[in-house]
Amino acid sequence: MLVRAYLQGAFPMAEGTDGQVYWYSPDPRAIIPIRPNDPLGSFRVRRSLAKRVRNAGFEIAFDHQFEQVMRQCAAPRPGESGSWISPEITAAYCELHAHGLAHSVEAYRNGQLVGGLYGVSLGGAFFGESMFSREKDASQVCLVHLVERLQDRGFRLLDVQFRNDHLDKFGIVEIPRDRYLVLLDQAVERLVEW
């Protein structure tokens with residue numbers, strides 16, 4: 001069901017104290033352009049972050065602790081009482097991970113997980129779901145490594161669902177849902193490896 005939903009431009013979020021799962025397909029949809037010479041724009045990395053990517057000493061890994069990344073992303077943020085990542089959503093995405101469709105990027109310091117992100121990969125589309133940091137810029141460093149991997153492997157679409165201040169600095173673009181669905185169809189038809 002999750003794969004079918006993503007292919008139609010929808011994704012789940014749990015809400016309320018009972019963790020009821022709802023499906024969303026926002027209009028406009030937020031993406032980060034990752035293709036070279038994309039007419040929509042380009043992925044941007046501020047100079048200070050590029051320096052941290054090179055010199056911060058994070059050890060970066062892919063898919064080593066997927067479930068732990070999800071659990072860290074599900075932990076309530078300061079000032080929030082809950083999370084949209086319910087135990088049911090965690091279990092569903094861990095199953096996608098077991099089938100090679102969900103992935104994580106992780107930042108470690110001295111062997112300890114200090115940041116990461118996870119999402120779903122279908123064809124040449126990657127759907128970023130959530131990220132967390134226990135150290136300054138750790139999740140942003142993971143995002144830079146994710147984009148490099150997506151570009152190197154020929155991905156066409158990085159869907160980040162909603163615009164937010166945290167991602168604005170990376171060149172996020174909002175596009176109408178109908179345009180998004182065209183880009184999605186084109187991206188998922190590509191044969192690329194994670």
Next item on the list: Would you check, one step at a time, whether the test ring pair (Phe, Tyr, Trp, His ring centres under 6.0 Å) holds for Phe11 with Tyr6?
Entry: CA-CA 6 Å; Phe11 56 88; Tyr6 275 103; 7.2 Å; no

Say whether [X] and [Y] are linked into one hydrophobic cluster, either directly or through other cluster members, by side-chain heavy-atom distances under 4.5 angstrom.
X	Y	answer
Leu101	Met1	yes
Trp23	Ile89	yes
Tyr22	Phe127	yes
Val182	Tyr180	no

To the nearest 0.5 angstrom, please state how far the [atom1] atom of [X] sits from the [atom2] atom of [Y].
X	Y	atom1	atom2	value
Leu7	Leu184	CG	CG	6.5 Å
Ser121	Glu193	OG	CD	10.5 Å
Met13	Ser130	CE	OG	9.0 Å
His103	Glu129	NE2	CD	13.0 Å
Asp137	Glu135	CG	CD	9.5 Å
Gln140	Leu117	CD	CG	11.0 Å

Next item on the list: Decide side chain to side chain contact (heavy atoms under 4.5 Å, CB included) for Val141 and Val144; before the verdict, give the C-alpha distance in whole Å, the side-chain angles of both, and the deciding distance to 0.1 Å.
Entry: CA-CA 5 Å; Val141 169; Val144 172; 5.7 Å; no

Next item on the list: Could you walk me through whether Val3 and Leu96 pass the side chain to side chain contact (heavy atoms under 4.5 Å, CB included) test, one step at a time?
Entry: CA-CA 9 Å; Val3 170; Leu96 283 182; 3.9 Å; yes

Can any side-chain N or O of [X] pair as donor or acceptor with the backbone N or O of [Y] at less than 3.5 Å?
X	Y	value
Ser133	Ser139	yes
Asp159	Ile31	no
Arg29	Gly9	yes
Gln65	Glu106	no
Arg190	Gly154	yes
Arg177	Ser25	yes
Asn164	Leu167	yes
Arg153	Trp194	yes

If every non-hydrogen atom of [X] is compared with every non-hydrogen atom of [Y], which pair is closest and at what distance?
X	Y	answer
Leu158	Gly128	CD1-N, 4.4 Å
Gly116	Val69	C-CG1, 4.2 Å
Leu2	Ala92	CD1-CB, 3.7 Å
Ile175	Asp27	O-OD1, 4.4 Å
Glu59	Gly111	OE1-N, 3.6 Å
Phe43	Ile32	CD1-CG2, 3.5 Å

Notebook entry, point to check: Between the side chains of Arg134 and Gln112, does any donor sit under 3.5 Å from an acceptor?
Noted result: no

Check: In a check of side chain to side chain contact (heavy atoms under 4.5 Å, CB included) between Gln68 and each of His64, Gln72, Met70, which one passes?
Finding: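 By the side chain to side chain contact (heavy atoms under 4.5 Å, CB included) criterion, Gln68 pairs with just one of His64, Gln72, Met70: Gln72.
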
Angle between ring planes, [X] versus [Y], binned at 30° and 60°: parallel, tilted or perpendicular?
X	Y	answer
Phe155	Phe126	perpendicular
Tyr93	Tyr118	perpendicular
Phe66	His97	parallel

Note to self: Looking at Gln151, I want to see if its CD is surrounded by more than 12 non-hydrogen atoms of other residues, nucleotides or ligands under 6.0 Å.
What the structure shows: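 Result for CD/Gln151: enclosed.
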
Next item on the list: May I ask you to check whether over 12 heavy atoms, not counting those of Asp152, lie within 6.0 Å of atom CG?
Entry: yes

Notebook entry, point to check: Quick one: are Arg163 and Asp168 in side-chain contact, heavy atoms under 4.5 Å?
Noted result: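 Yes - at least one pair of side-chain heavy atoms lies under 4.5 Å apart.
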
